[in-house]
Student: 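Before I ask anything, here is the structure I am working with.
What you are looking at is a predicted structure, and each value in this text was computed from that prediction instead of being measured.
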Amino acid sequence: MSYNKPFEVDSEIIASTGKRFANYIIDVLFIYAILILLLSGIAIVSALFGSYGFAQWLQTMSDLEFYLVYFLIVIIYFIFFETLTSRSLAKYITGTIVVFEDGSKPDFGTITKRTLCRFIPFDALSFFASDARGWHDSISDTYVVSKKGLETKMKLFTELDEIGVSQD
C-alpha cells in the first residue's frame, strides 16, 4: 500500500511579511539601478556616435514616457529572473523563492501572469495580509517561500515517502 499524498507548501516555510517587504524594497532599488544604467549607457553610446536625440529625449521625457519605460524594465526584470531561476535579485538576498503549491518551479506563463499582476493598484500592500501572500501570488497560484525551508521540507517529505518502499 503506497501513501501518495503530494507535497504541499505549508505556513512554516512561507516567507514572512518582513522578507516580502524587503524583497519589494530591494527589487525596486535594483530596477531603478538598471533603469539608470541602461538609460545612461544608451545616452553615452548615442553621444559617442554623434547622435544627441536620445539625450534630448531623456531631458524632456514626460512622466508617462518615464513610467512606460519603468514598467517595461519591471516586466523584463521579473520575467527574466523568475522564469530562469524562480528568484529575483532580492529573493537571492533574502533566501526566498517562488514556487507552486507542490514546490515546483512556475512556468513562463505563470511568471508572466504574476508579473503583470504586480501592476494592480495596491498590490504592493497586499502582502501585509495575515498570510503574507500578495495578490500577484494568489492570482497566479504561487507562493514565496524560504528556499532552505523548502529544500529541507521536500527532502524530509521524499525520505518519509520512501519508507517502506521495497528496494527489490
Student: Look only at the side chain of E65 and the backbone of S62, and say whether a donor-acceptor pair between them is shorter than 3.5 Å.
Tutor: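 Looks like yes, one N/O pair under 3.5 Å.
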Student: Is S88 close to E82 at the side-chain level, that is, under 4.5 Å between some pair of heavy atoms?
Tutor: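 Yes, side chains in contact.
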Student: As an exercise, state the distance from CD of E8 to OH of Y143, rounded to the nearest 0.5 Å.
Tutor: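 Interatomic distance, E8 CD to Y143 OH, rounded to 0.5 Å: 8.0 Å.
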Student: Are V45 and L38 grouped together when hydrophobic residues (ILVMFWY) are joined by side-chain heavy atoms under 4.5 angstrom apart?
Tutor: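 In one cluster: no.
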Student: Donor-acceptor check, side chain of S140 to backbone of H136, threshold 3.5 angstrom: yes or no?
Tutor: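 Yes: the side chain of S140 pairs with the backbone of H136.
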Student: Are T158 and F7 packed together at the side-chain level, in the sense that at least one heavy-atom pair is separated by less than 4.5 angstrom?
Tutor: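 No, their side chains stay 4.5 Å or more apart.
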Student: Given the ring of F78, does R118 sit roughly above its face, with NZ or CZ under 6.0 Å from the centre of the six-membered ring and within 45° of the axis?
Tutor: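 The answer is yes, since R118 meets both limits relative to F78.
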Student: Taking the side chain as every heavy atom from C-beta outward, state whether I14 and V144 have any pair of such atoms under 4.5 Å apart.
Tutor: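 Answer no - side chains too far apart.
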Student: Measure the spacing between CH2 of W57 and OG of S46 and express it to the nearest 0.5 Å.
Tutor: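 Rounded to the nearest 0.5 Å, the CH2-OG separation comes to 11.0 Å.
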Student: Would F71 and L29 show up in the same hydrophobic cluster when neighbours are defined by side-chain heavy atoms closer than 4.5 Å?
Tutor: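 Yes; tracing contacts between hydrophobic side chains, which count when under 4.5 Å, links both residues.
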Student: Nearest 0.5 Å please: distance from the CZ atom of R87 over to the CD1 atom of I97.
Tutor: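 Answer rounded to 0.5 Å: 5.5 Å.
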Student: Would you indicate whether the side-chain heavy atoms of K19 and K91 approach each other to under 4.5 Å?
Tutor: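 They are not in contact (no side-chain heavy atoms under 4.5 Å apart), so the answer is no.
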Student: Can the ring centres of F81 and Y92 be said to be less than 6.0 Å apart?
Tutor: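 Judged by ring-centre distance (under 6.0 Å), F81 and Y92 do not meet the cut-off.
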Student: For the residue pair F66 and Y32, does the interplanar ring angle fall in the parallel (under 30°), tilted (30 to 60°) or perpendicular (over 60°) class?
Tutor: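 Parallel, since the angle between the ring planes stays under 30°.
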Student: Is there a chain of hydrophobic side chains (I, L, V, M, F, W, Y, each step under 4.5 Å between heavy atoms) that links V28 to F80?
Tutor: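 Hydrophobic grouping puts V28 with F80.
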Student: Mind checking the CD1-OG spacing from I13 to S146? Nearest 0.5 Å is all I need.
Tutor: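 Going from the CD1 atom of I13 to the OG atom of S146 covers 7.5 Å.
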Student: Is any side-chain heavy atom of I26 closer than 4.5 Å to a side-chain heavy atom of L89?
Tutor: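 When only atoms from C-beta onward are counted, L89 and I26 do not touch, as no gap falls below 4.5 Å.
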Student: Could you walk me through whether K105 and V99 pass the side-chain contact (heavy atoms from CB on, under 4.5 Å) check?
Tutor: CA-CA 5 Å; K105 179 181 174 185; V99 295; over 6 Å; no
Student: Roughly how far apart are I79 CD1 and K113 NZ, rounded to 0.5 Å?
Tutor: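 The distance works out to 13.5 Å.
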Student: Flag the pair Y77 / F30 as yes when their ring centroid distance falls below 6.0 Å, and as no otherwise.
Tutor: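 Ring-ring flag for Y77/F30: false, centres at least 6.0 Å apart.
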Student: Is the backbone N or O of I111 less than 3.5 Å from a side-chain atom of T115, with the two atoms forming a donor-acceptor pair by type?
Tutor: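 Between the backbone of I111 and the side chain of T115 there is a qualifying donor-acceptor contact (under 3.5 Å).
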Student: Which one of T94, D137, T96 satisfies the side-chain hydrogen bond (donor to acceptor under 3.5 Å, both in side chains) criterion with R20?
Tutor: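 Between R20 and the candidates, side-chain hydrogen bond (donor to acceptor under 3.5 Å, both in side chains) is satisfied uniquely by D137.
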Student: Taking the side chain as everything from C-beta on, heavy atoms only, tell me whether P106 gets closer than 4.5 Å to T142.
Tutor: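 Yes. Closest side-chain heavy atoms under 4.5 Å.
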Student: Taking atom types as modelled, find out whether T110 and D141 have a side-chain donor-acceptor pair closer than 3.5 angstrom.
Tutor: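 Note: T110 and D141 side chains miss the donor-acceptor criterion.
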Student: Are V98 and F100 co-members of a hydrophobic cluster defined by side-chain heavy atoms under 4.5 Å apart?
Tutor: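 Unlinked, F100 and V98 end up in two clusters.
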Student: Run the salt-bridge test on E151 and K147 with the 4.0 Å N-O cut-off and return the result as yes or no.
Tutor: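 Yes, this pair counts.
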Student: Can you tell me how far apart CD1 (I34) and CG (L39) are? Round to the nearest 0.5 Å.
Tutor: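 Between atom CD1 of I34 and atom CG of L39 there are 11.5 Å.
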Student: Same hydrophobic cluster for L68 and I31, using side-chain heavy-atom links shorter than 4.5 Å among ILVMFWY?
Tutor: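 No, separate clusters.
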Student: Please enumerate all residues that pass side-chain hydrogen bond (donor to acceptor under 3.5 Å, both in side chains) together with Y24, with sequence neighbours excluded.
Tutor: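 side-chain hydrogen bond (donor to acceptor under 3.5 Å, both in side chains) list for Y24, sorted by chain: empty.
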